[in-house]
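Right, one structure below, let's go through it.
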Protein chains: 2
Amino acid sequence: MKAPERIGQVLAHFTVTAPERATGEIAALLGIANSSAHELLNGLAQTGLLQKQAPGRFRLGPMIAALAQVLANTDGLVEAARPIVARAVADHGETVHVVKLAGRQLATLSAQSGNRPVGVGRNVISSETPLWAVGAGKLLLAYLPTAELLRILETLELTAFTDATMTARSRLRDQLTDIRQDGFAEAVAEWHPDLATCAAPVRSHAGVCVAAFSLAVPLSRYALQPRAYRAIAVQSADRISARLGWQDAGKPTGQLPGSNKKPSGRGQ
Amino acid sequence: MKAPERIGQVLAHFTVTAPERATGEIAALLGIANSSAHELLNGLAQTGLLQKQAPGRFRLGPMIAALAQVLANTDGLVEAARPIVARAVADHGETVHVVKLAGRQLATLSAQSGNRPVGVGRNVISSETPLWAVGAGKLLLAYLPTAELLRILETLELTAFTDATMTARSRLRDQLTDIRQDGFAEAVAEWHPDLATCAAPVRSHAGVCVAAFSLAVPLSRYALQPRAYRAIAVQSADRISARLGWQDAGKPTGQLPGSNKKPSGRGQ
DNA sequence: GCCATGGTTCGGTATTTTCGAATGAAGGTC
DNA sequence: GACCTTCATTCGAAAATACCGAACCATGGC
């Protein structure tokens, strides 16, 4: 296996639920020898990508934070998303994420918890989140190039988490097609029974989907007005897209007088 | 050269001033063949540590952001620093950083620009900042284990940036000793002629210095009341240390009645 | 239409990684 | 307090890889 891929695998195993890992643990997770893991981890600790807490115990290191600062200051998407995310949380109080796809995992670019007493934690959407069980995951899959989508779809083990979880590969494919046409995805109680998530595509200046704007809402509130949350997601995503230089071909934001075209012009 | 080190080198070359790099550029910077750089960069892009903008053009990738989220949620230091940084900026309006040492470079864990019309940009302190020319760098060096400090000192090329820059190795060593005893470092016009920086140590529950709290102030303001800025830095750093569980041996925060010990108990 | 620049591909060589076993340290149990 | 277990670390041989240079190809400029 190639070095960058191996290192990516190692880093990906440091998560919110398991922020500290031991040498043997990583060795077992990657299926390599203890001694190999030892060399890898200590090497990464020396560069600062990890830091050694104690002999054999590692956490993500300071270089991650430093690189993230660079990314936040230079990535147009992160920069464009920040104020829109803040505004959405302020206006509606629900938990908001802007996520991309990194390989076959979700990667959070920006996240903010809602301010309601009962709300969704910021960590529901993370690299451990199953793609097929949340709106953002399905949306990002839907906008993938077909060849890549098929490759990923084949390798996903469609585990069920609730009764509503999508486990049939063919049905999921059909749903992804719809999602791409609608420019909107939702997952109601497909991961956790009391959680609803929905997402809309963020588009670059060239019109390709580069990220998803995601809303995570307790089912009790989502069920009351699903259309409203849909509107919020689509509108916020569009606002970020606009900041990236995207010009909607169909209908910019509000209802254009005289334009009675259906909003189908959203697809790429 | 070992793989993690090589990858660290590659990532370190993505900075705020050069966020996008080309294959040949990286090859030249690392002194390796174009084809080697090609394989490295594309490998990193596949894992998500980098992303490919166009053939041969790379930027930091979504996985960096995802890992940073994990770090922010799980690293006690980052979490403890956040509110103190925000408070310091709100109270005094100057630019604040919390930084660590990653190898021989500074790594920003948390940063916030001041809100004054004339102030210091957030990017003065970055991985490109020379350690010996800013307070935070000198402070972190001062608290290093002696053996490691000597190794690093030897390899630093003490370039001069202003008249005040410390270029004599022996004088720098002496100053580092003082810094460690004082628990405070400053660098006045040693990096940029109109910039003053100062820093104080953040200590873990075990009392070891794990980061620096840094203030970056325009020289015009710093010169008016250097003692005040020193107090702010030390106090803020101590507040973060307290949140990490550190108990000051000497005098906790204010003046303890009956305790007329000099505050020399601050050292490790 | 030609040329130049720079990314990408490809095979041979050498360095690195990798593994298993042995060593050493730390923590728990009796 | 001594034993045992667990797990990181060290070490040397086998295998896999990163690395290089040369050829190829796409792009943009002249």
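Residue numbers start from 1 in every chain, and the chains themselves are labelled A, B, ... in the order their sequence lines are given, proteins ahead of strands.
Between A/H38 and D/dT9 there is a side-chain polar atom (N or O) within less than 4.0 angstrom of OP1 or OP2. For A/K2 and D/dC19, the shortest distance from a side-chain N or O to OP1 or OP2 is not below 4.0 Å. At the phosphate of D/dC19, OP1 or OP2 sits under 4.0 Å from a side-chain N or O atom of B/R6. Look at A/N42 and you'll find a side-chain N or O under 4.0 angstrom from OP1 or OP2 of D/dT9.
Residue whose closest nucleotide on DNA chain D sits further toward the 5' end, between A/G24 and B/E39: A/G24. Place A/E25 and B/A37 on DNA chain D by their nearest nucleotides, and A/E25 ends up nearer the 5' end.
Taking atom CD of A/E5 as the reference point, atom P of D/dA16 lies 16 Å away to the nearest angstrom. Following rounding to the nearest Å, A/N34 (CG) and C/dG20 (C1') show an atom-to-atom distance of 11 Å. Rounded to whole Å, the distance from CD1 on B/I26 to C1' on C/dG6 is 15 Å. If you measure from atom CD of B/Q9 to atom P of D/dA18, you get 16 Å, rounded to the nearest angstrom. Rounded to whole Å, the distance from CZ on A/R21 to P on D/dC7 is 14 Å. Counting to the nearest Å, the C1' atom of C/dT13 and the CD1 atom of B/I32 are 17 Å from each other. Rounding to whole angstrom units, CD of residue B/Q46 and P of C/dT8 are separated by 12 Å. B/I7 places its CD1 atom 15 Å from the P atom of C/dT16, with the value rounded to the nearest Å.
Classified by interplanar angle (parallel below 30°, tilted 30° to 60°, perpendicular above 60°), the ring pair B/F161/B/W132 is parallel.
Inspection of the B/H38 and B/N42 side chains reveals an N or O donor paired with an N or O acceptor under 3.5 Å. Inspection of the A/Q69 and B/S126 side chains reveals no N or O donor paired with an N or O acceptor under 3.5 Å.
Within 4.0 Å (heavy atoms only), B/S36 reaches at least one base atom of the nucleic acid.
Across every non-hydrogen atom of B/K100 and B/A211, the tightest pair is CG-CB, 4.1 Å.
A donor-acceptor contact under 3.5 Å is not formed by the side chain of B/S35 with the base of C/dG7.
Counting only heavy atoms from C-beta on, B/P4 has its side chain closest to C/dT17 among C/dG7, D/dA8, C/dT17.
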Quick one: do A/L60 and A/L50 satisfy side chain to side chain contact (heavy atoms under 4.5 Å, CB included)? Show the steps, please. CA-CA 4 Å; A/L60 292 177; A/L50 296 181; 3.9 Å; yes
